[in-house]
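Take a look at the structure set out below.
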Amino acid sequence: MSNIKITLPDGTIREYPKGTTSIQIAQSISEGLMRNVLAAKVNGEIWDANRPIENDANVQLLTWKDTEGKNTFWHSSAHLLAEAIESIYPKTKFGIGPAIETGFYYDIELPEGKMLSQDDFIEIEKKMLELARTKSEYIRKSVSKNDAISYFTEKGDNYKLELLEGLEDGKITFYTQGNFTDLCRGPHIPNTGFIKAVKIMNLAGAYWRGDVTRKQLTRLYAVTFPQDKELKEYLVLLEEAKKRDHRKLGKELELFTFSEKVGAGLPLWLPKGTLLRERLEQFLRKAQVKAGYLPVITPHIGSKKLYITSGHWEKYGKDSFQPIHTPEEGEEFMLKPMNCPHHCEIYASKPRSYKELPLRLAEFGTVYRYEQSGELHGLTRVRGFTQDDAHIFCRPDQVKDEFGKVIDLVLLVFKSLGFEDYTAQISLRDPENKTKYFGEDEDWEKAESAIVEIAKEKGLRTVTELGESAFYGPKLDFMVKDALGRKWQLGTVQLDYQLPDRFKLEYVGSDNKQHRPVMIHRAPFGSLERFIAVLTEHCAGNFPLWLAPDQIAVLPVSEKYHEYAKSIHTILEEADIRGFLDERDEKIQRKIRDAEVKKIPFMLIVGEKEEESNTISVREHGQGDKGASSLEDFIKMFQEKIKIH
RNA sequence: GCCAACGUAGCUCAGCGGUAGAGCACUUCCUUGGUAAGGAAGAGGUCGUGGGUUCAAUCCCCAUCGUAGGCUCCA
């Protein structure tokens, strides 16, 4: 029998008999590796670990540590889930069952309108583990399209038949483990025995092929692990994430609230949240003054005509809050969903010269958008929110420079607030569906290449998404992850050649002719609501000192020292240090506990010792007693800490 | 908007076909206590809302609003 040459990732070349499997390769390296190998990358393609290799190849063995290994594991788990469901509920139809970032899902349709509930999870989990223990091999088999069609026709699974329609004869494979056979490209792990821990997370409705007009299937989300310990760790992690949830912390720290009477998705900012928000605004205002922005203020409503001009009415009119009418004349006004049309009118309020460009108009503008009820989520997805908006009107030759300056500003914001894990998403239009967008091809191409170039020059870590642009231009969005690993868009920079056109904005060039300016929309925070939500989760409610609603708490040991405590508090207030004096009739332990729970950065404890020596005892949140200090030294230290802001 | 789930005191939650309970918070009193919860008493709810079934509904059914999970959408 002839041998083949296998090249491993470290460059070593080993010889094996033709038809060797990746498992056998692993075995030849070590028994331990053999037990852990889930799949293998053969010449860049992911293969089953038990698939024979017939020719010389580069082989990389994949284990749980590799993303591809995990994905294979989870995708195989999806088949196991399906097998379990089929054995419990025969005649179930199956949609698709892919691996996702953590775990996998399977879209299913249970027979005769049977509905699943959370109570059924345990039975399914038990069945899965039972089937896993049989160590059934995942067996790959090539089938002809006709055979595949007749298999699923007989089974009555119209979803698989629909999937088959899109597949080419000769490239169709089935995988079978135990009693379950599925249409699948693979690859899979060697056998079900690798799956040791199973947890069905939740269920949801999901439209078949993501199409609202199609039938809604039941989607089961689940996660599996090769060791029970890992499942436990994962569940602990989820618990930790829940503790950071901004909705929970927002309530506990009294930052914001919602009221059914006011309306869903309309946040009410409580005093502490307002303080925090105002600090953020102040910080950005200062930075914007330095960067040459000019403040403006515009009303919360605008004539419908304004949005007809801007194109927003055509694009979003029917999905917006509907116009409000004046009682006498029946004039129509929209709650403003955007600040840009208003800002365009400010630009247009007088003739502009090329010498005054770029003109940067900034406004913390509150906008209202109708979001579908199912989409509302804490502060991250609301119906009324305030953008730290600005529009830069500039000459075409200034675009790149201005765009770069905006990126610098966004990065300053992220840096000041400790966001290090972000990606920049370049959102371009969908080249397949150009009619969704306004404007000329030529402008789009110019705008898109400008963004790609400048992002590269600034050294941003980028991903490019087609079809994610605004209808008027491409965007550069800054994405960060929240405590639960969900991605949120914060800062955004958008290039726009359309609005200046629609509003017929002009400036007089050095040639004494009228020219059209280019517009850049930008918001470093995105919206204050979402930003504060993500920030809250990011720092688990332990806000940076300069932002904390209460920076200090003065805690007298007993009533006898209230007067001294009051004098301390007054001096701190005069030094612009925010905080409160805890004069409750409680023991000092209690006051400390309450202040710790409220995540107050500094606790200043005053009693007999302190009053006599004219000092304070400093306790830092989460760090315990820091010892005595004079008030002057404390204030100096404090001001040093918040200096850059 | 759609799918399945939930809605009980300010908060976190228990309960159940016979008109409600705990802990914390709150009020009052006692206590004046040195680095994460001192003690006692009290007050607080038409069980989200509107219908229906029933002798009787917080509990069962329907609708509606809201919340959390997902799908679709997102200027």
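We name chains A, B, ... by the order of the sequence lines, and we start the count at 1 in each one.
For the salt bridge (Lys or Arg N to Asp or Glu O under 4.0 Å) condition, the pairs that include at least one residue of residues 616-631 of chain A, sequence neighbours left out, are A:Glu596-A:Arg619, A:Glu620-A:Lys626, A:Glu620-A:Lys641.
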Distances for protein N or O near nucleotides 40-47 of chain B N or O, under 3.5 Å:
none

Please write out each protein N/O paired with an N/O of nucleotides 6-11 of chain B under 3.5 Å, distance rounded to 0.1 Å.
none

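Residues satisfying the salt bridge (charged side-chain N to carboxylate O under 4.0 Å, His left out) test with A:Lys446, not counting sequence neighbours, are A:Asp443. By the side-chain hydrogen bond (donor to acceptor under 3.5 Å, both in side chains) test, A:Glu109 is found to be paired with A:Tyr159, residues two or more places apart in sequence or in another chain being considered. Under the salt bridge (charged side-chain N to carboxylate O under 4.0 Å, His left out) criterion, A:Arg381 pairs with A:Glu371, A:Glu375, not counting sequence neighbours. Shown here are the salt bridge (charged side-chain N to carboxylate O under 4.0 Å, His left out) partners of A:Lys93, two or more places apart in sequence or in another chain: there are none. When the side chain to side chain contact (heavy atoms under 4.5 Å, CB included) test is applied to A:Glu611, the partners found at least two apart in sequence or on another chain are A:Tyr561, A:Tyr564. Annotation: side chain to side chain contact (heavy atoms under 4.5 Å, CB included) contacts of A:Pro267 (sequence neighbours excluded): A:Phe258, A:Trp269, A:Leu379, A:Val382, A:Glu529. Looking at residues two or more places apart in sequence or on another chain, you find a salt bridge (charged side-chain N to carboxylate O under 4.0 Å, His left out) between A:Glu363 and A:Lys336.
The strand RNA chain B forms stems, runs of 3 or more Watson-Crick or G-U wobble pairs with distances below 3.5 Å, at B:1-3 with B:69-71, B:5-7 with B:65-67, B:10-13 with B:21-24, B:26-30 with B:38-42, B:48-52 with B:60-64.
For the segment residues 334-344 of chain A, residues with any heavy atom less than 4.0 angstrom from an atom of RNA chain B are, sorted by number, A:Pro337, A:Met338.
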